[in-house]
Amino acid sequence: MPAMGAQQAPQRASGQETARGAQGRASDSKQDGKGIIQRLRDLPQAAGIAILCALLALSLPVGNFRALQNATPGAFIRQGDVRSIVEDRVAAAGNACTVASRASISDALVDEVRLAADELSEAKTAKEISRADQRLTSAMSAMTVAASDALDAENQRMLASAADDFAEQGSFLRQEARAFNEKAEKAEALYEKLPMKFMLAEPDVYEGI
């Protein structure tokens, strides 16, 4: 009988160690939980905003998020052939300036075209491109009208060719703008329904078409 009592003592000791181990793990778990909360509180404001944006993006259906992304400021210049069209339109305006400068017209007319072309080259959003292109179109019209009557036949043909190229690229640009505005219209309707829309870029639009 004494032998049996001696065997039971280690079992009780083992149970006590197990209980202490469980308590220790529970304590560690609580500390880990507090540590995570504290780390979240210690995040910089910018990081917190970034996390909220990420959570918002994940909460939106994929289709809706893509619709918003396709109409953000800067999305237009990345659409289809827009960048190439803008570059070709600016190049055509530059060629027209080269020819028009041979005529006896005001330098201000040529300078206005060049300034507007530079503005179009630097434009990044649909609104900026639209406004710069409208200014360039108006300046090109005034310059070509004034120069065409003051040039010889050969230079008139060269000016007309540059103006035709400019007009053709303008037609392509308007086609891209109409397609973009269809996306922007859908994105705008979605954007107005979002409870946290201040965290997302407002949909852009191409003006004047």
Side-chain angles (χ1 to χ4, degrees), residues 65-192 197-198 200-209:
F65 185 69
R66 286 180 178 173
L68 289 171
Q69 288 297 102
N70 288 337
T72 57
F76 181 61
I77 194 68
R78 298 190 299 268
Q79 174 182 297
D81 295 326
V82 170
R83 190 180 299 276
S84 177
I85 291 169
V86 168
E87 290 173 355
D88 290 345
R89 194 152 163 82
V90 168
N95 292 338
C97 285
T98 298
V99 178
S101 62
R102 299 168 187 165
S104 298
I105 61 173
S106 171
D107 291 340
L109 292 172
V110 179
D111 290 342
E112 178 62 19
V113 173
R114 287 175 173 155
L115 288 172
D118 288 342
E119 184 180 333
L120 180 58
S121 294
E122 296 171 1
K124 302 300 181 185
T125 70
K127 282 189 177 70
E128 290 175 355
I129 293 172
S130 171
R131 293 170 183 177
D133 191 65
Q134 289 179 41
R135 177 185 175 186
L136 179 57
T137 300
S138 177
M140 273 284 292
S141 177
M143 183 186 72
T144 54
V145 168
S148 60
D149 293 334
L151 292 169
D152 58 33
E154 179 62 23
N155 281 309
Q156 283 182 359
R157 284 192 294 270
M158 294 175 64
L159 181 61
S161 177
D164 288 344
D165 289 343
F166 180 80
E168 182 179 30
Q169 297 304 320
S171 178
F172 294 152
L173 186 61
R174 286 190 295 275
Q175 290 176 20
E176 293 282 3
R178 291 188 187 99
F180 177 80
N181 277 1
E182 289 179 4
K183 298 176 185 177
E185 184 178 352
K186 294 177 182 178
E188 183 67 31
L190 174 63
Y191 183 80
E192 291 300 325
K197 63 183 181 180
F198 62 90
L200 294 170
E202 184 174 0
D204 199 10
V205 65
Y206 190 98
E207 300 174 336
I209 58 171

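Bear in mind that the values here come from a model prediction, so they are computed numbers and not experimental data.
For T144, there are no side chain to side chain donor-acceptor pair (under 3.5 Å) partners, not counting sequence neighbours. Every side chain to side chain donor-acceptor pair (under 3.5 Å) that E207 has, sequence neighbours left out, goes to R131. S101 is linked by a side chain to side chain contact (heavy atoms under 4.5 Å, CB included) to nothing, counting only residues two or more places apart in sequence or in another chain. The side chain to side chain contact (heavy atoms under 4.5 Å, CB included) search around Q169 returns I85, D88, R89, F172, not counting sequence neighbours. Partners of E128 according to the salt bridge (charged side-chain N to carboxylate O under 4.0 Å, His left out) rule, which considers only residues two or more places apart in sequence or in another chain, do not exist here. With sequence neighbours left out, R114 forms a salt bridge (charged side-chain N to carboxylate O under 4.0 Å, His left out) with no residue at all. Partners of K124 according to the salt bridge (charged side-chain N to carboxylate O under 4.0 Å, His left out) rule, which considers only residues two or more places apart in sequence or in another chain, do not exist here. Shown here are the salt bridge (charged side-chain N to carboxylate O under 4.0 Å, His left out) partners of E188, two or more places apart in sequence or in another chain: there are none. Considering only residues two or more places apart in sequence or on other chains, Y206 meets the ring-ring contact (aromatic ring centres under 6.0 Å, His included) condition with F76.
S171 places no side-chain N or O within 3.5 Å of a backbone atom of A167 that could act as its donor or acceptor partner.
Pairing each heavy atom of L151 with each of A103, the nearest pair is CD2-CB, 3.5 Å. Of all the heavy atoms in A187 and A71, the pair that sits closest is CB-CB, 3.7 Å. Of all the heavy atoms in A126 and D204, the pair that sits closest is N-OD2, 2.7 Å. Residues I105 and A100 come closest through the heavy atom pair CD1-O, 3.7 Å.
The CZ atom of R174 sits 13.5 Å away from the CG atom of N181 when rounded to the nearest 0.5 Å. Here the CZ-OG1 distance, from R78 to T72, works out to 5.0 Å after rounding to the nearest 0.5 Å. Expressed to the nearest 0.5 Å, how far CG of D133 lies from CZ of F166 amounts to 5.5 Å.
Sparse packing is recorded around NZ of K186, with 12 or fewer heavy atoms of other residues, nucleotides or ligands lying under 6.0 Å away.
For residues 100-111, there are no salt bridge (Lys or Arg N to Asp or Glu O under 4.0 Å) pairs, not counting sequence neighbours. Residues in residues 140-168 take part in these salt bridge (Lys or Arg N to Asp or Glu O under 4.0 Å) pairs, two or more places apart or across chains: E154-R157. Identified under the salt bridge (Lys or Arg N to Asp or Glu O under 4.0 Å) test for residues 176-185, with sequence neighbours left out: none.
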Q134/S138 under side-chain hydrogen bond (donor to acceptor under 3.5 Å, both in side chains): CA gap, chis, key distance, verdict: CA-CA 6 Å; Q134 289 179 41; S138 177; over 6 Å; no

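A side chain to side chain contact (heavy atoms under 4.5 Å, CB included) with C97 holds for exactly one of E112, M143, M140; it is M143.
Between N155 and M158 the shortest side-chain heavy-atom distance falls below 4.5 Å. Here the side chains of I129 and L120 are in contact, with some heavy-atom distance below 4.5 Å. Residues V113 and L136 meet the side-chain proximity criterion, which asks for heavy atoms closer than 4.5 Å.
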